Amino acid sequence: MPPAAAADTGAPVAPAAPADTGAPASPPASVASAPAADLPLMDPVTGGYYFRRKRPAVGTRVSESETKTMSLTVAVSIKPGAAPVKSAQSERELNERVVEILASTDDAVTKVKVAYSAREKTETKNGKDSVTRDPVAGKTYIVEAKSGTIVVQTPGGSPAPDDEATLVRKDFKRLGKPDSMQKALPTAPIRVGDKVDSLAEGLRDRLTGDEGPNEMTADNVVVTLTDVKDVDGAKTGVFNYSLDMVVNRGALVIRMKVTGEVAIRLEDGMPVKLTMQAPTTVASAPGSKGPAVGGAGIATASLTRTLL
């Protein structure tokens, strides 16, 4: 890791009162006009922190570990007036991989090599577990954004089998596009305690952009810088966030009160950690036919990224 700029002492200064507008304080003109790579990590006037936007170099290798869980107790009413049938169910998804960047443009990674060490789902219903291991586990692929599509090949250059390619495309559906969180980083310094509206929009895009407004919505999104600390030798900003999410799944509506944390490196704007926890309710969509469904539970998710 390159050393921090001399102006960055590593100790967050006492912040001024948080900006109610969500816009970080403006830096001095001489600092604001400097190229991002030349900015210090801390602005000596405002006490705010600069987050640089830097595309990872070709050859960069990143270890990624992602987990998602959902636990629900669901009640289904088959007939009006009949006692509902209750069941407890949960699922856990695990996705561990190493990604190497093979090609990029000025604003997006366009080609990677990915080696999966694990990709599986564990489902528990009425106390019984079943594990489904995806066929990509233990395999390596070359993935490239080309002419508006995601091409998945084996290391030897052959097309990956359809079932495997479908799973890999799901993981890399944003390949060839700018990172929404990095792109949303403001050029002005951010003070501890500031709300950052641009990052709120970037988070909204990351969560809902691939689903469409009819399937998933996120409202009341708030992102606040709460700390700056060393993580694996690099200055990293810790942002807390909250939002209300609604997911439409045909006859079901899922509602979540989401809170979580995003960690972003100052020196290059790379998101290195995202956590989420959300009390969740499930109900039949208004006007839907069939059995009435209701339920409640908890959903969690985490993603960690480590430079190798």
Side-chain angles (χ1 to χ4, degrees), residues 8 12-29 31-36 39-55 107-108 174 177-229 231 235-247 255-278 301-303 305:
D8 182 8
V13 298
D20 292 335
T21 62
S26 298
V31 176
S33 60
L39 293 175
L41 295 182
M42 177 186 284
D43 175 41
V45 176
T46 65
Y49 293 89
Y50 288 100
F51 288 78
R52 300 170 181 165
R53 306 176 188 176
K54 184 179 178 182
R55 180 59 46 202
D107 62 354
R174 286 181 172 265
K177 302 176 182 178
D179 184 286
S180 58
M181 295 295 289
Q182 187 183 61
K183 183 180 179 181
L185 287 168
T187 57
I190 310 172
R191 297 172 299 172
V192 172
D194 277 346
K195 294 180 180 179
V196 190
D197 292 342
S198 60
L199 275 179
E201 289 304 309
L203 181 62
R204 185 200 306 272
D205 179 67
R206 171 163 292 193
L207 293 173
T208 66
D210 296 308
E211 303 294 339
N214 294 327
E215 295 185 15
M216 183 181 295
T217 60
D219 296 310
N220 304 317
V221 187
V222 178
V223 177
T224 305
L225 179 64
T226 57
D227 195 9
V228 174
K229 59 185 179 181
V231 177
K235 284 288 180 293
T236 303
V238 179
F239 297 84
N240 284 1
Y241 71 90
S242 61
L243 57 94
D244 298 325
M245 180 177 291
V246 178
V247 183
R255 299 181 185 276
M256 301 180 179
K257 299 287 290 186
V258 181
T259 59
E261 185 178 279
V262 180
I264 301 176
R265 287 160 42 110
L266 274 69
E267 63 188 50
D268 53 14
M270 176 181 172
V272 293
K273 184 177 181 180
L274 187 149
T275 64
M276 182 203 85
Q277 47 279 328
S302 68
L303 170 65
R305 307 173 77 203

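Basis for what follows: all heavy atoms, side chains included, without hydrogens, waters or symmetry-related copies. Just so you know, residue 1 is the first one in the sequence shown, and it goes up from there. These figures come from a predicted structure and were not determined experimentally.
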- Query: For Val262 and Val223, what are the C-alpha separation, side-chain angles and deciding distance, and is it a side chain to side chain contact (heavy atoms under 4.5 Å, CB included)?
  - Reply: CA-CA 9 Å; Val262 180; Val223 177; over 6 Å; no
Under 3.5 Å: donor-acceptor pair, side chain of [X], backbone of [Y]:
{"X": "Thr275", "Y": "Ser302", "result": "no"}
{"X": "Asp194", "Y": "Val196", "result": "no"}
{"X": "Thr224", "Y": "Asn240", "result": "no"}

- Message: Between Arg191 and Leu225, is the side chain to side chain contact (heavy atoms under 4.5 Å, CB included) condition met? List the steps.
- Response: CA-CA 7 Å; Arg191 297 172 299 172; Leu225 179 64; 6.0 Å; no
- Task: Decide if atom CZ of Arg255 counts as having more than 12 heavy atoms of other residues, nucleotides or ligands within a radius under 6.0 Å.
- Result: no
Least distance between heavy atoms, [X] atom then [Y] atom:
{"X": "Gly237", "Y": "Leu266", "result": "N-CD1, 3.4 Å"}
{"X": "Ala108", "Y": "Pro178", "result": "CB-N, 3.9 Å"}
{"X": "Ser198", "Y": "Pro186", "result": "OG-CD, 3.7 Å"}
{"X": "Val258", "Y": "Ala278", "result": "CG2-CB, 3.8 Å"}
{"X": "Pro189", "Y": "Thr46", "result": "CG-OG1, 3.7 Å"}
{"X": "Gly202", "Y": "Met181", "result": "C-SD, 3.7 Å"}

- Query: Which residues satisfy the side-chain hydrogen bond (donor to acceptor under 3.5 Å, both in side chains) test with Glu261, sequence neighbours excluded?
  - Reply: none
Just wondering, do [Y] and [X] contact through their side chains at under 4.5 Å, heavy atoms?
{"X": "Glu215", "Y": "Val247", "answer": "no"}
{"X": "Asp227", "Y": "Val192", "answer": "no"}
{"X": "Arg53", "Y": "Thr187", "answer": "yes"}
{"X": "Tyr50", "Y": "Leu41", "answer": "no"}
{"X": "Leu243", "Y": "Arg204", "answer": "no"}
{"X": "Gln182", "Y": "Arg55", "answer": "yes"}
{"X": "Tyr241", "Y": "Met276", "answer": "yes"}
{"X": "Lys235", "Y": "Glu267", "answer": "no"}

Any chance you could measure [X], atom [atom1], to [Y], atom [atom2], to the nearest 0.5 Å?
{"X": "Lys183", "Y": "Leu185", "atom1": "NZ", "atom2": "CG", "answer": "12.5 Å"}
{"X": "Leu274", "Y": "Ile264", "atom1": "CG", "atom2": "CD1", "answer": "9.0 Å"}
{"X": "Met245", "Y": "Asp219", "atom1": "CE", "atom2": "CG", "answer": "10.0 Å"}

- Any Lys/Arg nitrogen of Arg174 or Asp179 sitting under 4.0 Å from an Asp/Glu carboxylate oxygen of the other?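 Salt bridge between Arg174 and Asp179, a charged N being under 4.0 Å from a carboxylate O: no.
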- side chain to side chain contact (heavy atoms under 4.5 Å, CB included) between Lys257 and Asp244, intermediate numbers included: CA-CA 5 Å; Lys257 299 287 290 186; Asp244 298 325; 2.7 Å; yes
- Message: With side chain to side chain contact (heavy atoms under 4.5 Å, CB included) as the criterion, how do Thr236 and Arg265 come out once you've worked through the C-alpha distance, each side chain's angles and the decisive distance to 0.1 Å?
- Response: CA-CA 4 Å; Thr236 303; Arg265 287 160 42 110; 3.9 Å; yes
